[in-house]
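Beneath this line is the structure, given in structure tokens, with notes to follow.
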Amino acid sequence: WRSRVAGQRQRVEDARQKHATLASLNLVPGYEYVDGSGRTVIGSVEQLQGLTARAKASLEAEEQALEAVLEEARRANVPPG
């Protein structure tokens, strides 16, 4: 159970970091984010908003999955920790 919970908590933290990173970006219309090679990563404000919304949905899904694992462990009488 510990490994399942730890793995799910890590997925929640990864999703939280991704959402925080995307939510902290600001993009002015007409500009774009590019990677080190000069390729466009985020080309529009709408694309950034979509990525942020998907990251938030992913975070919420991972948090619900964590709650489900914790509830499953509780029902199986697994001690906390």
Side-chain angles (χ1 to χ4, degrees):
W1 285 103
R2 285 182 185 161
S3 64
R4 286 182 66 190
V5 171
Q8 188 60 45
R9 283 188 173 143
Q10 184 61 47
R11 287 188 287 280
V12 168
E13 186 56 35
D14 292 345
R16 184 173 285 124
Q17 287 177 355
K18 182 176 181 178
H19 177 260
T21 299
L22 288 169
S24 70
L25 296 177
N26 293 311
L27 188 61
V28 177
Y31 287 86
E32 56 190 27
Y33 281 103
V34 295
D35 64 9
S37 303
R39 291 177 286 178
T40 299
V41 179
I42 301 173
S44 68
V45 174
E46 293 79 17
Q47 184 182 8
L48 177 58
Q49 290 171 341
L51 289 170
T52 304
R54 283 193 297 273
K56 183 176 181 179
S58 175
L59 173 58
E60 290 170 354
E62 292 297 347
E63 287 174 337
Q64 288 177 352
L66 175 59
E67 289 301 318
V69 169
L70 292 173
E71 179 63 19
E72 186 181 345
R74 186 191 66 77
R75 289 177 187 248
N77 292 322
V78 176

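- For the residue pair E32 and G43, the shortest heavy atom distance occurs at CB-CA, 3.8 Å.
- Following chains of ILVMFWY side-chain contacts shorter than 4.5 Å, one can reach L27 starting from L25, so the two form part of one hydrophobic cluster.
- Counting heavy-atom neighbours within 6.0 Å of Y31 OH, excluding the residue itself, gives a total of 12 or less.
- Considering every non-hydrogen atom in both W1 and V69, the closest pair reads CZ3-O, 3.9 Å.
- One hydrophobic cluster, built from ILVMFWY side chains closer than 4.5 Å, holds both V5 and L59.
- No donor-acceptor distance shorter than 3.5 angstrom exists from the side chain of S58 to the backbone of R54, with no hydrogens or angles considered.
- Exactly one residue among L51, T52, V45 makes a side chain to side chain contact (heavy atoms under 4.5 Å, CB included) with Q49. That residue is V45.
- Counting only heavy atoms from C-beta outward, the side chains of R9 and L70 approach each other to under 4.5 Å.
- Scanning all heavy atoms of the two residues, the minimum distance from Q47 to V41 falls at NE2-O, 3.5 Å.
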May I have the step-by-step check of salt bridge (Lys or Arg N to Asp or Glu O under 4.0 Å) for E71 and R74, ending in yes or no? CA-CA 5 Å; E71 179 63 19; R74 186 191 66 77; 2.5 Å; yes
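- Screening Q10, E13, Q8, R16 for a side chain to side chain contact (heavy atoms under 4.5 Å, CB included) involving E62 leaves a single residue, Q8.
- Going from atom CZ of R11 over to atom CG of L66 covers 9.5 Å, rounded to the nearest 0.5 Å.
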